[in-house]
Amino acid sequence: MENPERIIKTVIHVGTKHVIFVPGTKVVFHFKTTKCDTNKTVIDDSKTMGSPMELILGKKFKLEVWEIIVQKMALNEVACFKIDKSLVTAYPFVSKTLREVGKPQSEKRSHHCCGVTLQNEGIGYEDLNELIKYPQDLEFTIELIQIILPNEYEKETWQMTEDEKLKSVPDLKEKGNVFFREKDYDRAAEMYAKAIGILEQLMLAEKPNDDEWLTLNKMKVPLLLNYAQCKLIKKEYYSVVEHCTTVLKIEPDNAKALYRRGKAYIGTWDEEKATKDLKKVVELDPSLQNMIDKELQAFSTTIKEKDRIQQKKLVQMFK
């Protein structure tokens with residue numbers, strides 16, 4: 001890979017800062033891919049694609065040569081690399097993926113990847129099919145716009161060890177709490193949901209109902225309740241019912257879960273279930289009797305008024 005005859009670099013603009021790259025470093029760069037013909041035919045250009053490329057070093061990216069060449073650059077440097085065809089055989093497949101990022105499945109070309117289909121139909125792009133059939137040297141013009149060391153960015157879940165995932169849960173909960181206090185309920189719910197997802201991933205590695213599994217399951221309860229409260233404020237009642245029911249499977253007498261689910265049932269006009277949940281709350285905490293009675297009375301009045309309006313409409317329909 002390091003053979004100088006197979007990678008030839010030409011600096012176009014000198015960079016501003018040299019960095020020692022370590023595994024886990026995130027690099028962000030624009031790239032233009034061209035053929036080594038007289039017209040310098042452009043194959044791809046990230047600036048026209050709409051976003052730069054992000055790469056985490058050491059994660060065995062399919063086009064290994066990109067990891068090699070960006071580490072030969074300084075921050076803000078622009079350089080052209082002529083790469084031997086033997087090092088870019090994977091490029092057509094990487095290009096196809098990048099071209100189709102964010103597109104619905106119906107707009108993606110050639111969904112099959114078996115050898116026979118590849119030979120007969122290609123991968124859906126004529127220029128990339130040609131590169132597969134007739135491999136050739138390529139030039140990559142790279143503009144390295146950002147270098148982020150591993151301790152300088154928030155890792156994606158798939159990059160974390162199990163210990164790192166577990167330690168991230170309280171941080172995500174606190175971020176959610178901050179957003180909640182700021183009344184940004186969508187972002188708060190996003191943080192709580194991310195933490196719940198991490199715990200559920202960790203639970204998959206444990207035997208159901210073992211001590212470790214039960215501990216992780218218990219950690220989900222406050223997150224599920226917080227998430228449900230966000231959804232209750234947003235009037236997404238069915239989501240509240242779902243998540244509070246999950247809590248009640250873990251803690252059948254959780255008053256917060258019963259109260260929030262009861263409020264959600266009010267939102268879905270389910271008087272029977274709302275009454276059952278809210279009366280159970282009073283059994284668990286008699287000090288809430290007056291508040292619950294008022295809520296149920298207001299709900300009953302609202303239902304009667306709704307029924308009266310509907311009845312009036314029906315009478316008018318048959319006049």
Side-chain angles (χ1 to χ4, degrees), residues 166 168-203 206 208-209 211-310:
L166 191 57
S168 74
V169 170
D171 292 337
L172 288 167
K173 182 184 176 186
E174 181 53 35
K175 285 180 183 178
N177 293 345
V178 170
F179 286 131
F180 188 90
R181 288 192 291 269
E182 293 173 351
K183 301 185 188 247
D184 190 342
Y185 303 117
D186 287 331
R187 293 183 74 184
E190 182 183 341
M191 293 300 106
Y192 299 138
K194 188 172 181 181
I196 292 165
I198 287 171
L199 289 172
E200 288 177 345
Q201 285 180 22
L202 293 170
M203 288 170 69
E206 305 295 341
N209 296 316
D211 288 344
E212 293 83 358
W213 188 94
L214 291 170
T215 299
L216 293 168
N217 202 33
K218 193 84 170 174
M219 287 176 67
K220 285 167 52 181
V221 169
L223 295 162
L224 288 162
L225 288 170
N226 290 357
Y227 182 86
Q229 182 62 24
C230 292
K231 295 300 181 181
L232 188 61
I233 292 169
K234 298 290 289 184
K235 299 184 178 180
E236 297 177 26
Y237 300 121
Y238 292 103
S239 181
V240 178
V241 169
E242 177 189 350
H243 289 85
C244 287
T245 299
T246 300
V247 171
L248 292 165
K249 287 178 181 176
I250 303 169
E251 298 180 2
D253 291 335
N254 189 296
K256 285 184 179 178
L258 285 163
Y259 179 72
R260 288 170 193 175
R261 190 172 73 174
K263 292 280 285 182
Y265 281 137
I266 289 176
T268 62
W269 299 97
D270 193 327
E271 186 175 16
E272 182 182 348
K273 289 181 179 177
T275 301
K276 182 179 178 182
D277 275 356
L278 293 177
K279 284 190 173 180
K280 180 74 181 289
V281 172
V282 173
E283 289 176 17
L284 295 168
D285 187 352
S287 68
L288 299 175
Q289 177 82 56
N290 289 338
M291 182 187 74
I292 297 297
D293 284 347
K294 286 178 183 178
E295 294 215 28
L296 289 174
Q297 181 60 46
F299 183 38
S300 179
T301 302
T302 304
I303 287 177
K304 287 176 183 176
E305 179 62 17
K306 182 177 177 231
D307 289 344
R308 185 187 68 78
I309 292 170
Q310 286 180 336

*Given Leu223 and Leu199, is the side chain to side chain contact (heavy atoms under 4.5 Å, CB included) satisfied, shown in steps?*
CA-CA 10 Å; Leu223 295 162; Leu199 289 172; 3.6 Å; yes
*asked:* Using 0.5 Å steps for rounding, measure from the CD1 atom of Ile196 to the CD atom of Gln201.
replied: 12.5 Å
*Decide yes or no on side chain to side chain contact (heavy atoms under 4.5 Å, CB included) for Phe179 and Cys230, but give the supporting numbers first.*
CA-CA 10 Å; Phe179 286 131; Cys230 292; over 6 Å; no
_Spatial distance of atom NE2 (His243) from atom OH (Tyr227) [nearest 0.5 Å]_ = 5.0 Å
*Does a side-chain heavy-atom distance below 4.5 Å link Ile266 with Leu278?*
yes
*Give, for atom CG of Asp186 and atom CD of Glu190, the distance between the pair rounded to the nearest 0.5 Å.*
9.0 Å
*Check whether any side-chain heavy atom of Thr246 lies under 4.5 Å from a side-chain heavy atom of Val221, and answer yes or no.*
no
*So how far is it from Glu242 CD to Lys231 NZ, rounded to the nearest 0.5 Å?*
10.5 Å
*Using 4.0 Å as the upper bound for N to carboxylate O, is an ion pair formed by Glu251 and Lys220?*
no
*Between Arg260 (side chain) and Leu232 (backbone), is there a donor-acceptor pair under 3.5 Å?*
no
*Considering non-hydrogen atoms only, spot the tightest contact between Lys280 and Pro252 and give its length.*
NZ-O, 4.1 Å
_Could you tell me if the side chain of Phe180 sits less than 4.5 Å from the side chain of Ile233, heavy atoms only?_
yes
_Do Glu295 and Lys263 make a side-chain contact, defined as non-hydrogen atoms from C-beta onward lying under 4.5 Å apart?_
yes
*Check whether any side-chain heavy atom of Trp269 lies under 4.5 Å from a side-chain heavy atom of Phe299, and answer yes or no.*
yes
*Under 3.5 Å, is there a donor-acceptor pair linking the side chains of Tyr259 and Asp285?*
no
*asked:* Using every non-hydrogen atom in the two residues, find where Ala188 and Gly176 come nearest and quote the distance to one decimal.
replied: CB-O, 3.3 Å
*Identify the two heavy atoms, one from Ser168 and one from Ile198, that lie closest to each other, and give their separation to 0.1 Å.*
OG-CD1, 3.4 Å
_Donor on one side chain, acceptor on other, Asp293 and Gln297, under 3.5 Å_ = no
*How long is the gap from CG on Leu214 to CE on Met203, to the nearest 0.5 Å?*
8.0 Å
*Is there side-chain contact between Asp253 and Leu248, with heavy atoms separated by less than 4.5 Å?*
no
*Can you find a pair of side-chain heavy atoms, one from Thr245 and one from Val241, that are under 4.5 Å apart?*
yes
*asked:* With side chain to side chain contact (heavy atoms under 4.5 Å, CB included) as the criterion, how do Arg181 and Val178 come out once you've worked through the C-alpha distance, each side chain's angles and the decisive distance to 0.1 Å?
replied: CA-CA 5 Å; Arg181 288 192 291 269; Val178 170; 3.5 Å; yes
*Applying side chain to side chain contact (heavy atoms under 4.5 Å, CB included), run through Ile292 and Leu296 and close with a yes or a no.*
CA-CA 6 Å; Ile292 297 297; Leu296 289 174; 3.9 Å; yes
*May I ask you to test the Tyr265-Arg261 pair for a side-chain heavy-atom distance under 4.5 Å?*
yes
*asked:* Is it the case that the side chain of Tyr192 and the backbone of Leu224 share a donor-acceptor pair, with hydrogens and angles ignored and the cut-off at 3.5 Å?
replied: no
*asked:* Minimum heavy-atom separation for Ala274 and Gly262, please, with both atom names.
replied: CB-O, 3.6 Å
